[in-house]
Amino acid sequence: MLKSEFIPAEKKDSHRLMIMLHGLGDSVEGHRWLPEALNLPWLNYLLVNAPDEYYGGYSWYDFAGDIAPGVERSRKLLFTLLDGQPARGFPIEQIVLGGFSQGSLMAIDVGLRYPSRFAGIVGISGYVCAPEQLVKELSPVAFQQRLLLTHGTLDPMIPFNKVREQINFLKSAGLHIEWHEFVKAHTIAGEPELAVIREFVRAGYASA
């Protein structure tokens with residue numbers, strides 16, 4: 001079981017939820033600022049800790065060597081987490097699945113394999129595990145999913161050009177990806193990037 005922290009929406013009885021997955025060495029503490037920054041009073045948040053301890057924080061997979069086994073294990077844990085949300089009052093179609101860095105990789109990996117449609121999938125400063133394999137294992141609803149993926153042109157940890165190639169490959173497979181480039185390093189580019197995320201999240205609930 002993954003440990004998580006729930007932050008309720010200001011608006012009572014809202015069934016809208018954003019699940020946020022942190023990056024390497026971070027924890028739920030790394031995104032406690034997000035609800036105030038996005039300023040969406042009808043949105044609940046579930047901040048999730050990755051399963052492995054890593055220098056005072058947590059990791060979703062071992063990035064040294066073959067990452068696939070760790071990604072697969074974390075995928076199964078996140079599937080279980082998602083399966084339990086409707087019973088808590090959050091239907092999958094009311095959930096935005098988001099992540100930063102390693103968390104972004106997991107959001108993409110899980111979101112495109114999960115058998116139900118989300119309100120949206122958000123990936124910030126991440127990359128894709130085995131894109132060719134992912135395309136072979138897409139869920140039946142993957143082509144209905146909305147994805148927002150952002151990356152920094154100055155990212156020193158995850159090279160920009162490599163990620164853009166991966167995203168173009170996924171787009172060529174027919175996936176609906178909104179791609180934004182920011183002049184930033186391995187971080188979130190303040191209000192300009194938050195505004196893009198905010199509008200993407202709002203649009204996911206426009207017809208709900």
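Using a 4.5 Å cut-off on side-chain heavy atoms (C-beta onward), R198 and E191 make contact. Residues D52 and R73 are in side-chain contact: their nearest non-hydrogen atoms beyond the backbone lie under 4.5 Å apart. Counting only heavy atoms from C-beta outward, the side chains of L2 and W60 approach each other to under 4.5 Å. Side chains of I167 and H151 form no contact here, defined as non-hydrogen atoms less than 4.5 Å apart. Inter-residue side-chain proximity for S125 and K184 is flagged as met; some heavy-atom pair is nearer than 4.5 Å. No side-chain heavy atom of L21 sits under 4.5 Å from any side-chain heavy atom of L105.
Classified by interplanar angle (parallel below 30°, tilted 30° to 60°, perpendicular above 60°), the ring pair Y114/F79 is perpendicular. Relative ring orientation between H22 and Y58 is described as tilted, the plane-to-plane angle lying within the 30° to 60° band. Aromatic ring orientation, F100 versus H186: tilted (interplanar angle from 30° to 60°).
A distance of 6.5 Å separates CZ of F200 from CG of L147, quoted to the nearest 0.5 Å. Separating the CD atom in Q166 from the SG atom in C129 is a distance of 9.0 Å, to the nearest 0.5 Å. Atom-to-atom distance recorded for E193:CD and I124:CD1 is 5.5 Å, nearest 0.5 angstrom. Residue E165 holds its CD atom at 9.5 Å from NZ of K162, rounded to the nearest 0.5 Å.
Under a 3.5 Å cut-off, the side chain of R146 and the backbone N or O of A119 do form a donor-acceptor pair. Judged by distance alone, the side chain of S59 and the main-chain N or O of Y61 form a donor-acceptor pair under 3.5 Å.
A salt bridge links E199 with R202; the closest basic N to acidic carboxylate O contact falls under 4.0 Å.
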